[in-house]
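Order of listing sets the numbers, starting from 1, for every ligand and every atom in it. What you see below is based on every heavy atom in this structure, not just the backbone, and it leaves out hydrogens, waters and symmetry mates.
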Amino acid sequence: MPAHPIRLYDTRTRSIQEVQPVEPDTVKLYLCGMTVYDHCHVGHARAMMVYDALVRYLRHRRWNVQFARNITDIDDKIITKAKAEGVEPLELAQRYIDSFHEDMEALGTVPPDFEPRVSETLDGIRDMIGALIERGHAYVADGTVWFDVRSDADYGSLSGRTLDGLQSADPEGGKRFSADFALWKAAKPGEPSWPSPWGPGRPGWHIECSAMAVDTLGKTIDIHGGGLDLVFPHHENEIAQSECATGCRFSNIWMHNGLLTVGSGAKGGGRSHREAEGSDEDQVDAKMGKSKGNAFVIRNALELVPAEAVRLYYLQTHYRSPLPWNDDALLESLAMLARLYEAREQALSFGGEEDADNVARSLGTDAMKVLELGRSFRDRFYAAMDEDFNTSAALGLAFELARAINRLGNHKKAKKRAGPVVGPAIGALTLLPETLGLLTMSGEDFQEEVRTKRLKATGVARESVEQLLADRQAARESKDWAQADALRDQLDQLGVIVMDTPTGPTWKVRLE
Ligand SMILES: [Zn+2]
């Protein structure tokens, strides 16, 4: 069966385009990855999560996906930090590569098929620079190689900038034109360098991604992804280098995720690598650093809530929209996620074996609604996702279904008879683990993870909760209702909700 058509917004043409791959049924996707000089924070993780869900969804829709996500392990920030710590730059980089891999595994992301590193792509980088010089698109000045933007008639096509707008009075460092950018930087004393035909040095800002994309996926790729902050200059320069060096179109679609917004709307996050010089990242980091509990570092966020709550935080908003970040964001997402789990648990608890349509008619409008939403879910979910990857609308359908199931649960005959009515809904909800990595756990495992993480985060000892629960049970057994109620109140103050069920009491942590 052929792959199903998908449409995505393309920044270069400023329109939604059908993905029309170079090779039938195969999507070649390149994502600008991390510059590894620190732990991954919630801004970086948005891109990781958006493209993880994209890979999952494309595969679900029967595309073969070749997914490359690079690691920038040669960079000014790495060199500066390594110097300060007295370690080798590549050693420092490896520390944060390991940290990044741990975070990605904890978030449940699909590993990329290719994970090239700059330090391992020097040959490809030098080859591409050589081709650019040969084709008259680059020139050498004092051991530094510059890309000549005026040699590229298409320069500015992605960002919409013009050469006039980019010209400044006084080009520096041997450049012929102010917007020319370095492909190869001549070595500076005390910095790591590699040999090249133009003298020792290291790759410039943007050439790595052009070289790594060609190395791993070929001259033309289908989708190039990254944060919106990378459009200029990084992606503009990638296009210029790649297309001038190979003579081929570099990427058919340029897909950009929006950034996190912090506090009063300052730009934040999404700066997955190669941040603009003099960028506002430091300011953003400072703002995020002030967030209580340092939840802005992914590994800290994962101590506060289950990984799926972090995933939901990113995927509940359309990937192109700005995403507000605040101290409550993850808890809000966790509460939303818990509603999905609870609705599924509720649906799974319904019994009965009658014909679905008959029992829905006899139970009334709430049941009819659940049956109808369950049956139409898959088509509506695909329609949202196929049109510019609208995870927000797709999740909206899941929440609509969850609300309808919960309403049906209030019906006194639902427990015994509504099983067949929720059958299509239960089937439909399997799309969430398959395509978005949500609802992957059993209801009990999810509740247990929530209990463990939230008690720890709020500083409540599990043993004291269990002692109070046991005391309350003992009070109930000796019919000391006043004492049982007092203990329930104490538990409530700790944020623990006790629910008495026919099989005995259970408990959960209050989330909203
Ligand atoms: Zn890149």
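In summary, no N, O or S atom of H235 is located under 2.8 Å from the Zn ion (ligand 1). At a cut-off of 2.8 Å, H206 is not counted among the residues with an N, O or S atom near the Zn ion (ligand 1).
Ring to ring, Y382 and H60 are close: their centroids are under 6.0 angstrom apart.
Among pairs with a residue in residues 16-25, those fulfilling side-chain hydrogen bond (donor to acceptor under 3.5 Å, both in side chains) read T13-Q17, S15-Q17, E23-K28, at least two apart in sequence or across chains. Sorted by first and then second residue, the pairs that involve residues 242-262 and meet ring-ring contact (aromatic ring centres under 6.0 Å, His included), not counting sequence neighbours, are H224-F250, H224-W254, H235-W254, H235-H256, F250-W254.
Using a cut-off of 4.0 Å between Lys/Arg side-chain N and Asp/Glu carboxylate O, R176 and D180 are scored as not salt-bridged.
Distances from the Zn ion (ligand 1) to the N/O/S atoms of E238 are shortest for OE2.
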